[in-house]
Amino acid sequence: AYVHIAHHVQLGNHIIMSNVATLAGHIVVEDHVVIGGLAGIHQFCRVGQHAIIGGCSKVVQDVAPYMMVDGNPARTRALNRVGLERRGFTPEALQALKKAYRILFRSGLTLGNAIEKANQEVADMPEVRRLLDFLRSSDEELPEAMIRNLQSLSLRQPSAMGWVLLGLCVPITLSANAGTPLMWAGI
């Protein structure tokens, strides 16, 4: 079996990656994620905990925790109910996440308005707070720490064209200290 994990990827624990799943650079994959075969994830995307990505999907945006995405480009299709049940989520947590999913992904509201509505109408549970916090941070610009990291790699951002690599970046180390995510480091 073959998967591709590019430079500066951070992997959580208990991740399943099927054949030829491909992660571009600077991706964060949280715990208990399933990535289907031949799925590709674009650089700088984040995949939230307990998410599942369908086979042959093209992921170009962050994948919210607890959700199932599929397609080309990938879209949020449903709550990952079966995966969450298997992981022991309570019926109350599943019901709250389902309600949040409907508000966030099916109401037609803008992301900011949907987050506010879900914050007001969905039960205040740790899983819902995690989902809303993830989506709030997806709506922000690149964090300062990531910008500093990119600058240290001799990257620059010309106008609206995105980040351009000026030097060579190759995977040189893979650390797996207990309790820390795996991470490719580059030069």
Task: Working for side chain to side chain contact (heavy atoms under 4.5 Å, CB included), residues Tyr101 and Leu131 - done: CA-CA 9 Å; Tyr101 159 77; Leu131 173 61; over 6 Å; no

TODO: Please assess His42 against Val59 for the test side chain to side chain contact (heavy atoms under 4.5 Å, CB included), listing each intermediate value before the final yes or no.
DONE: CA-CA 6 Å; His42 194 272; Val59 177; over 6 Å; no

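Leu84 and Val122 fall within the same hydrophobic cluster, where Ile, Leu, Val, Met, Phe, Trp and Tyr residues are linked whenever their side-chain heavy atoms come under 4.5 Å apart, directly or through other members. Both Ile41 and Met17 are assigned to one and the same hydrophobic cluster, defined by single-linkage of ILVMFWY side chains at heavy-atom distances under 4.5 Å. A single hydrophobic cluster is seen to contain both Leu97 and Ile115, as judged by linkage of ILVMFWY side chains at heavy-atom distances under 4.5 Å, directly or through other members. Ile35 and Leu38 are not part of a single hydrophobic cluster, where members link through side-chain heavy atoms under 4.5 Å apart. Linking Ile, Leu, Val, Met, Phe, Trp and Tyr whenever their side-chain heavy atoms come within less than 4.5 Å leaves Leu109 and Leu132 in two separate clusters.
How far CG of Asn113 is from CG of Leu104: 11.5 Å, rounded to the nearest 0.5 Å. Here CD of Gln49 is found 12.0 Å from NE2 of His14. Values are rounded to the nearest 0.5 Å. Atom NE2 of His7 is separated from atom CD of Gln43 by 7.0 Å, given to the nearest 0.5 angstrom. Here the straight-line distance linking atom CZ of Arg130 with atom CD of Glu30 works out to 4.0 Å at 0.5 Å rounding. Note that CE of Met125 is 9.5 Å distant from CD of Gln95, once rounded to the nearest 0.5 Å. Atom CZ of Arg81 sits about 6.5 Å away from atom CG of Leu79, to the nearest 0.5 Å.
Nearest heavy-atom pair across Ile27 and Phe44 is CG1-N, 4.1 Å. The heavy-atom pair separating Ala96 from Ala123 by the smallest distance is CB-CB, 4.4 Å. Counting all heavy atoms, side chain and backbone alike, Glu121 lies closest to Ile103 at OE1-CD1, 3.9 Å. Of all heavy-atom pairs spanning Gly55 and Asp70, the tightest one is O-OD1, 3.8 Å. When all heavy atoms of Pro73 and Val60 are compared, the closest pair comes out as CB-CG2, 4.2 Å. Of all the heavy atoms in Ala39 and Gly54, the pair that sits closest is CB-O, 3.8 Å.
Between the Thr76 side chain and the Val69 main chain, no donor and acceptor come within less than 3.5 Å of each other. Using a distance-only test at 3.5 Å, with no hydrogens or angles considered, a donor-acceptor pair links the side chain of Thr22 to the main chain of Val20. Here the side chain of Asn80 pairs no donor or acceptor atom with the backbone of Met68 at under 3.5 angstrom. Between the side chain of Asp31 and the main chain of Gly12, no donor-acceptor pair closer than 3.5 Å is present.
Remark: Arg86 CZ is loosely packed, at most 12 non-hydrogen atoms of other residues, nucleotides or ligands lying under 6.0 Å away. The environment of CZ in Arg102 is sparse: at most 12 heavy-atom neighbours from other residues, nucleotides or ligands sit within 6.0 Å.
Using cut-offs of 30° and 60° for the angle between ring planes, the His8 and His26 rings count as parallel.
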